[in-house]
Amino acid sequence: VNFASENDLRIQLEQSARRIAPDTESALSLLPTRRKHHVRIWLRSVGIVIAALAAALGLGAEGLFSPADSPAITVDSNIESQPFTYLPGELPPGFELVEVGLQTPNNNYYTVVATTGDGTVLTASYDMDSSPCHSLGTETEEESACPEQAFGVEPSIATQTTFEYSAFLTTKISVMFWTHQELTRSKLNAYVAQLTKVLSPQIDGSITVDPSFANVSFAGRDTSPDGAIALISGARGNIDFRATTPSVASAAIERAKEQAGFAPRELPGRRVERNGQSYIVDVQKDNRGVTVTSERNGIAIEIINQYPTYGPTAPKIDTRDQILEIAQTVRPATKAQVIQRSGTKDGFNPFVSPIIDQHGESDGLQWAIIVAADAATTTLRIQFGEQTVTRTAGNDGKWWSPKLTSGISDTPVPIRLPNGKLAIGLVASRRAEGATVTDDNGKVRYMLSYGRKGNHFPDGDAFMMILPDVEPGTHLTIQGFGTRITKGVAQAEWSATVVAP
Amino acid sequence: MIVVTNGFRLRSTGLPPEFFDGAVVAAPERTTVRIAGQQTTFEECFRTNYVRFVRTAYLILGTQSGAEDCVQEAFTTLHRKWDQVDDPAAYVRTVAINNARRVIRRTTVERRILRTFTRVTDTSPPEDPLLDALSRLTPRQRTALVLRYYEDFSEVEIARALSCAPGTVKSLLSRGLSELRVSLHDSNAESEAKK
C-alpha cells in the first residue's frame, strides 16, 4: 500500500473509510428526537433528582419539587440527618470506623471507611497529590502525558482533584461526586441531605459533579418496568436531559451496576493475618482487582499484590467470599538465596548466564532451583528434598520469553511434595512483579508478588509456590504480570498451563 | 442574490421572517441565511451526514466506536442549538472534528502504550496499513491530511478548523505526506520480509 499521487491518497482514504458502515438508524434512535417518551418516563421517575441537584448547587430549587409533588418517593437511609464532617477520625453519629489507610504507590491517597453495621457504608477518600496533571479544564498537549488519562478514565474521576466522597446506601443507590476544595463540606452535606430525602430506591445509578461544579450528571437506570436508561447532565443553572452515545450510556450503566450491586454489600477493607504480618484486602474501584496492603506501624504502606487490571484476561471480583478467598492465597515472595549467578549487568540472561543455583525454604522444606543453559538448551531443575524434576527446552525464545518486556519466565515446574501439597517452581524474567495461579474452574489458588507495587523481582530470581489441596490432573494456569504502567495498572504478559502431578 | 422565502430570516438583522417574504435581498455571507430549498429537519440532516462524518472521524481516530461517539456528541450539541445554527452540517463537522481531536489528546499515552505491547505480541500485519500509518502521524498532521484529502477542505478551511495559520497547514500537510509515505514504505517492506 502506498500512494503515487495525492489523488491516489484520496482514493485510498475513501476505501479505508468505507470499511466501516455506521448504523444511522441505531444512532438516530439515541438522539433526543427519539427519546421523548423515555424522557417523559424519566421525568416522572427521577425529576426529583434534578431538584436535589439544583438545590445542592445552591440554585434555590427546593421549592420546585416538594415531597408532596412526588408521593411515590420514599426515604430510605439512616444518614439523612447526619451531617458528615470530613475529618479523619470524626464520623457521623452511629458510624464506626473500619479503616483508614494510605493507597497508591506514592502514598498520596487515603481512604476512610465507616459503617453503621447494618450494611450502610461510607467511604471518603482524599488525594494529596497536587501534580500539574490534576489541573482540569484545559486540554493542552502536555496534559495528555498524564498517566491518569491514559486508559480512558474520565479525567474528573481519574484525577480525583482533591476530594472524593461516596455514600453507599442499602437501597442500592450509589452517590458519588468529585468536588473541589472549598464548599466541599457544605456541598457534601447538602447532597447527602437532599439525596437521601428524595432518591427513589427504584433508581440505580450514580451522580457525578465535576471539579468546578460546572456540570452535574446522573447516570443510571430506572428499574421500573419501562427500564429507561438515560444520562442526565446539566450546567449550572441549566440542568436538563441529554442524549448520550451508546458507549457513554453503556459505561455509565456498568459503573452504576458495579457501584450499586457490589460495593454496598460487601464491605471491603478486611484485615487478614499471614506469616505474622497483617494485611488489608481491598477491592479496586473497577472491581477488577484486589489490593492487599501490608500494615506497618499502623499505616498501610505496601501494596503487595494486585491483579492485572488491564486486558481481556483481567478477572473480575464479584463477591466478598472471593475477596477473602484471594486473601487466603496471598503469599509474600519467597526470598531465594542466590548461591551462584552470573550474567549481564542488567540481570540474568540464560543465553549468557550458564548457570544459576538458588536455594530457599518454603513450607518448612528446603528447595533448590538450578538453571543451566548452553547454546542449544536451557534446563531447569527443581530439587525439593529428595525429589528432583527437570525440564529442558531449546533456546527458541519460548522457554525464557526473552522478547517479553516483563513477566515470569514460562518455566513452571510442578512437583508433588511428601506432605501432599503441590509446589510450582518459577524463575522471574524481566520486571516480573508476581503471578496468579487459577484452576480449571477459574478459581484463584495462589497469588504471589514481589512486594511493593511497581517494584519487581531481580531477573532470574527463583521462587516456589506451594498449593494445598490440588488434585492430580488439575490444570493450573499461571499468569505472570509485571511492568507497572501507571497507577494501579499492571500488564499481564505471560501465562502457561501445567498439569498437577 | 438570494431569494428569502417564507420561513427564513436574515439572522444578522434580527428582523422577523415575514419582513423578507417574497423579497430579494443580498446575502453578505452564506452562513447568515438558510437558502431557500435547503431547509432540512434535524433527522434529515442526521441521515444525510452521519455516515460521512463518522468516517471522517474514523480516519482521524482510528476506531469506529470512538468516531461514532464523537459524531453522536456533535449531533447532540447540534440538536440543542438547532435554532441557532445556520449551517448545521458544517457545525456538526466542526464539532465532531474538535471532539475527535480532544479524544486523541486524551488517549495519546494509551495508544503509545498499546502500540508498544502490540509490537511485542502481535506479529500479524495491520488490518489497514493506511490507518496504521496515519496513526503514526501526529494528531495535527493526521487531522490535516484527512481534512485535505478526504473532506477536500482548502488550506484556509483547515487552518480555521485547527486554529492555526495557513502556512502551518502547508507545513503539516507536507510533513504529514512525507511521513505517511515513509511509514507506508516501511510497512510494505515488513510485509515483504515476512513473506
Side-chain angles (χ1 to χ4, degrees), chain A residues 1-4 6-28 30-34 139-155 240 242-248 310-311 401 403-406 483 485-486 489 491 493, chain B residues 41-43 46-47 50-56 58-59 64-73 75-76 78-80 101-102 104-113 116-117 120-121 127-134 138-140 145-146 148-150 152 177 180-181 184-185 187-188 191:
Chain A
V1 177
N2 212 325
F3 53 95
E6 293 182 354
N7 272 340
D8 272 359
L9 178 59
R10 283 192 174 89
I11 293 166
Q12 288 184 30
L13 282 171
E14 187 69 40
Q15 287 172 344
S16 292
R18 286 185 180 278
R19 295 176 70 166
I20 64 168
D23 185 349
T24 305
E25 291 306 317
S26 168
L28 188 58
L30 286 163
L31 284 169
T33 49
R34 295 292 181 86
E139 291 177 359
T140 61
E141 291 291 338
E142 289 74 20
E143 193 182 35
S144 64
C146 293
E148 291 88 344
Q149 297 181 5
F151 295 94
V153 181
E154 287 292 328
D240 59 3
R242 167 176 170 269
T244 183
T245 58
S247 63
V248 170
Y310 197 75
S401 301
K403 292 179 183 175
L404 293 182
T405 56
S406 73
T483 303
I485 299 169
T486 185
V489 180
Q491 173 71 35
E493 284 288 328
Chain B
T41 65
F42 179 80
E43 283 200 20
F46 189 92
R47 289 180 201 281
Y50 177 72
V51 172
R52 174 77 183 179
F53 292 163
V54 168
R55 286 173 171 164
T56 303
Y58 170 66
L59 291 175
Q64 182 175 350
S65 59
E68 287 177 349
D69 279 358
C70 289
V71 177
Q72 189 93 351
E73 285 284 348
F75 272 105
T76 303
L78 172 68
H79 185 265
R80 285 203 300 268
R101 294 175 64 205
R102 189 181 308 124
I104 288 173
R105 281 198 292 269
R106 287 180 177 169
T107 56
T108 300
V109 176
E110 177 188 1
R111 285 166 182 273
R112 190 162 60 234
I113 291 170
T116 302
F117 287 114
V120 172
T121 57
E127 197 172 322
D128 187 333
L130 182 60
L131 276 186
D132 187 58
L134 276 173
T138 67
R140 280 159 66 85
L145 283 179
V146 170
R148 183 75 184 94
Y149 298 110
Y150 184 70
D152 278 332
L177 281 174
L180 192 64
R181 280 201 170 92
L184 284 171
H185 181 267
S187 174
N188 289 339
S191 300

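Below, chain A is the first sequence line, B the second, and so on; all start at residue 1.
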- What are the two closest non-hydrogen atoms of B:Arg55 and A:Ala21, and how far apart are they?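 Scanning both residues, the minimum pair turns out to be NH2-CA, 4.3 Å.
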task: Over all heavy atoms of both residues, which pair between B:Tyr58 and A:Ala17 is shortest? Give the atoms and the distance, please.
output: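 In this case the closest contact between B:Tyr58 and A:Ala17 is CD2-CA, 4.3 Å.
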(request) Name the member of B:Leu59, B:Thr56, B:Val71 that forms the most heavy-atom pairs with chain A at distances under 4.5 Å. (result)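 So the answer, after comparing B:Leu59, B:Thr56, B:Val71, is B:Leu59.
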Worksheet item: Non-hydrogen atoms of chain B under 4.5 Å away: do they reach the side chain of A:Arg18, the backbone, both or neither?
Response: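 Interface part for A:Arg18: both.
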In Å, rounded to the nearest 0.5 Å, how long is the span from CZ of B:Arg148 to CD of A:Glu6?
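One finds 6.5 Å between CZ of B:Arg148 and CD of A:Glu6.
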| said: With rounding to the nearest 0.5 angstrom, report the CG to CD distance, B:Leu130 to A:Gln15. | reply: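 The CG atom of B:Leu130 sits 9.0 Å away from the CD atom of A:Gln15.
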Of the backbone (N, CA, C, O) and the side chain (C-beta and beyond), which part of B:Leu177 lies under 4.5 Å from a heavy atom of chain A, both, or neither?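 Both backbone and side chain.
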Relative to chain A, which segment of B:Tyr150 carries a heavy atom at a distance below 4.5 Å: side chain, backbone, both, or neither?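 For B:Tyr150, backbone and side chain are both near chain A.
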message: If you apply the rule side chain to side chain contact (heavy atoms under 4.5 Å, CB included), what do you find for A:Leu13 with B:Leu145, and how did you get there?
response: CA-CA 10 Å; A:Leu13 282 171; B:Leu145 283 179; 5.8 Å; no
Margin query: Check this for me, if you would: do B:Arg52 and A:Glu14 make a salt bridge, where the nitrogen-to-carboxylate-oxygen distance has to be below 4.0 angstrom?
Written below: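 A salt bridge links B:Arg52 with A:Glu14.
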